[in-house]
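The structure is given below, and queries will be raised subsequently.
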Amino acid sequence: MKFFADTAEIADIKELASTGLLDGVTTNPSLIAKSGRDFMEVTKEICAIVDGPVSAEVVALDHEGMMREAEILRKIADNVAIKVPLTLDGLKTCKALTDDGTMVNVTLCFSANQALLAAKAGATFVSPFVGRHDDNGLDGMQLIRDIRQIYDNYLFDTQILVASVRHVMHVYEAAMIGADIMTAPPSVIKALVKHVLTDKGIEGFLADWAKTGQKIS
Ligand code: E4P
């Protein structure tokens, strides 16, 4: 399973990238606004830190406008993935861009049928939002199971990018289902490593080691 960071904060991206465990980054207009940075500038900086795909989202709602914006965004770097909303214009744009060899992330996916359309449009990634699904009393992980089943039924190679991840159990469940990628806030990615018994174990080993008076040198 690939790990993407869902953020436009450079310091966080650098920290995660230094572990060698980061496979890509996703941004959206809200995350860009939160960063307070210039969209083009910060996206370029992220693309230089991470080798993998970096999603940059269009804001136009019509196909022609999306194509114009995508043209500007894809010039930022080779690893830019154009993010388009799951609308008819977004799907049309997805088809045109992927036919042309550009990576596309179809975002704001909330149903299995929408994911089916994204795959038919040749999407590189589809982003089902599990957290927002749960927020509305729906079962976000059931959506991931359904999409996995449909994509496997027809051997679609669109990658399922689990988005709107809020906690470590989302990551666990997505991995159990066989989602291809998950994108999560850096705090969630860092929380994955935590276990009380690991901390306790280190404490015990270090206490016993101190008793030996030895050094590794
Ligand atoms: C995905 O690409 C989105 O940027 C993101 O996961 C949205 O998450 P949110 O529902 O926490 O805003």
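Atoms within each ligand, like the ligands themselves, are counted from 1 in listed order. These numbers come from the heavy atoms of this one structure, side chains and all, not from hydrogens, waters or symmetry mates.
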ring-ring contact (aromatic ring centres under 6.0 Å, His included) pairs, two or more places apart, involving residues 157-182: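 Every ring-ring contact (aromatic ring centres under 6.0 Å, His included) pair that includes a residue of residues 157-182, provided the two are not neighbours, is H167-H170.
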
Plane angle bin for H133 and F110 - parallel if under 30°, tilted between 30 and 60°, otherwise perpendicular: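 Judged by the thresholds at 30° and 60°, the geometry between F110 and H133 is parallel.
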
Residue A163 vicinity, atoms of ligand 1 by number, heavy atom under 4.0 Å: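 Those of ligand 1 that fall under 4.0 Å from A163 are 1 (C), 6 (O).
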
Polar contact flag for N28 and ligand 1 (N/O pairs, less than 3.5 Å):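 Between N28 and ligand 1, an N or O pair is found under 3.5 Å apart.
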
Modelled atom types, side-chain donor and acceptor of S127 and T107, under 3.5 Å: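 No, no side-chain donor-acceptor contact under 3.5 Å.
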
Donor-acceptor contact present, side-chain S35 to main-chain E9, <3.5 Å: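 No.
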
S164-ligand 1 polar pair, N/O distance under 3.5 Å: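 Checking ligand 1 against S164, an N or O pair does fall under 3.5 Å apart.
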
Heteroatom distance test (R166, ligand 1): nitrogen or oxygen, under 3.5 angstrom: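 Yes, since at least one N or O of R166 sits under 3.5 Å from an N or O of ligand 1.
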
K83: numbered ligand 1 atoms lying under 4.0 Å from its heavy atoms: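 This gives 1 (C), 2 (O), 3 (C), 4 (O) as the contact atoms.
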
For atom 12 (O) of ligand 1, closest protein heavy-atom neighbour: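 Result for atom 12 (O) of ligand 1: R132 NH2, 2.8 Å.
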
T27 backbone acceptor or donor facing K83 side chain under 3.5 Å: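 Checked: pair present.
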
Polar proximity ligand 1 side, D6 side, N/O cut 3.5 Å exclusive: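 Yes: some nitrogen or oxygen of D6 is under 3.5 Å from one in ligand 1.
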
Test: R166 and D6 ion pair at under 4.0 Å: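 Not counted as a salt bridge, because no side-chain N and carboxylate O are separated by less than 4.0 Å.
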
Protein contact of atom 7 (C) of ligand 1 - nearest heavy atom, named by residue and atom, plus distance: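 Looking only at protein heavy atoms, the one closest to atom 7 (C) of ligand 1 is F129 CE2, 3.5 Å.
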
